[in-house]
Structure formats: C-alpha cells, structure tokens
A.B. asks: 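Starting off with a structure, shown below.
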Amino acid sequence: MVTQAQMRATRRYAKRHPEKNRLYQYRSNARTFIKHYADKDDLDKLISLAQEQKAKRLSDEGAKLRLPVKKQVN
C-alpha cells in the first residue's frame, strides 16, 4: 500500500519533470505492445526500425566527435 505522502511526492515529481514522465510512459507502452500485442510482422518492423535508429545515432555521435576545433581569435 502506498502512503498519501508517497502519492503526493510522485505527483509532484511528475509535475516537475513532464519530459521524463513522458519518456517513461512511451517506454512502458512500447514494452506492453511488444510483450502482449505484437505479431511477427510487427516485431520484424520494430527490430528493423531499432537497428536503423541505432546506426543513425552511432553515426551522429561519430560525426560530433570529428568536428573541427574552432580557432581562437585574439
């Protein structure tokens, strides 16, 4: 059983951190869909999409690392 104080604290956190709360909800929805509703075609599409996004994010991170250093002007 959750205390009233814990419920208030949870509501305050959700109100103060809406973006994190939204991400938690998206993640939860994705897991629920995968575990309970997705068929083989859905899973294949999701895997393909995840692999594409992972490759894109890794290449974007690599591009960030290769940015030229700005020269300081005196």
Side-chain angles (χ1 to χ4, degrees):
M1 176 147 267
V2 178
T3 65
Q4 292 291 325
Q6 182 62 50
M7 287 173 33
R8 286 192 305 271
T10 301
R11 282 191 213 115
R12 275 195 316 269
Y13 180 86
K15 193 172 184 176
R16 290 179 181 162
H17 301 93
E19 187 62 28
K20 282 187 179 182
N21 209 33
R22 192 174 302 118
L23 289 175
Y24 295 147
Q25 190 63 47
Y26 289 155
R27 191 175 295 129
S28 175
N29 289 342
R31 288 180 179 147
T32 299
F33 176 74
I34 290 169
K35 287 181 181 180
H36 301 289
Y37 301 105
D39 60 13
K40 183 185 178 312
D41 290 335
D42 291 330
L43 293 173
D44 290 340
K45 289 176 188 174
L46 289 168
I47 289 169
S48 175
L49 179 62
Q51 289 171 340
E52 290 171 13
Q53 287 298 311
K54 185 176 181 180
K56 180 181 175 189
R57 300 263 167 88
L58 290 175
S59 68
D60 288 348
E61 288 177 12
K64 288 178 187 175
L65 296 175
R66 292 188 295 266
L67 288 175
V69 177
K70 293 183 180 179
K71 295 180 181 179
Q72 291 182 350
V73 178
N74 291 333

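Numbers for residues simply follow the sequence, beginning at 1.
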A.B. asks: What is the distance from atom CG of L46 to atom CD of Q53, rounded to the nearest 0.5 Å?
C.D. replies: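 Between atom CG of L46 and atom CD of Q53 there are 12.0 Å.
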A.B. asks: Hey, what do you get for CE (M1) to CE (M7), rounding to the nearest 0.5 Å?
C.D. replies: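 Output value for this atom pair is 9.0 Å.
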A.B. asks: Checking H36 side chain against T32 main chain: does a donor-acceptor pair fall under 3.5 Å?
C.D. replies: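 Not at all, since once roles are kept as given, no pair shorter than 3.5 Å links the two residues.
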A.B. asks: Can you check whether D44's main-chain N or O pairs, donor with acceptor, with S48's side chain at less than 3.5 Å?
C.D. replies: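 Here the side-chain-to-backbone pair does not exist.
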A.B. asks: How about K15 and R11: do any of their side-chain heavy atoms sit closer than 4.5 Å?
C.D. replies: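 SC-SC contact between K15 and R11 ruled out.
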A.B. asks: Give, for atom CZ of F33 and atom CG of D42, the distance between the pair rounded to the nearest 0.5 Å.
C.D. replies: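 Going from the CZ atom of F33 to the CG atom of D42 covers 4.0 Å.
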A.B. asks: Does a side chain donor of either Q25 or N29 reach within less than 3.5 Å of an acceptor in the other side chain?
C.D. replies: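 Short answer, yes.
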A.B. asks: Hydrophobic cluster membership, with links at side-chain heavy-atom distances under 4.5 Å among I/L/V/M/F/W/Y: are Y37 and I34 in one?
C.D. replies: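 Per the 4.5 Å side-chain linkage, Y37 and I34 are co-clustered.
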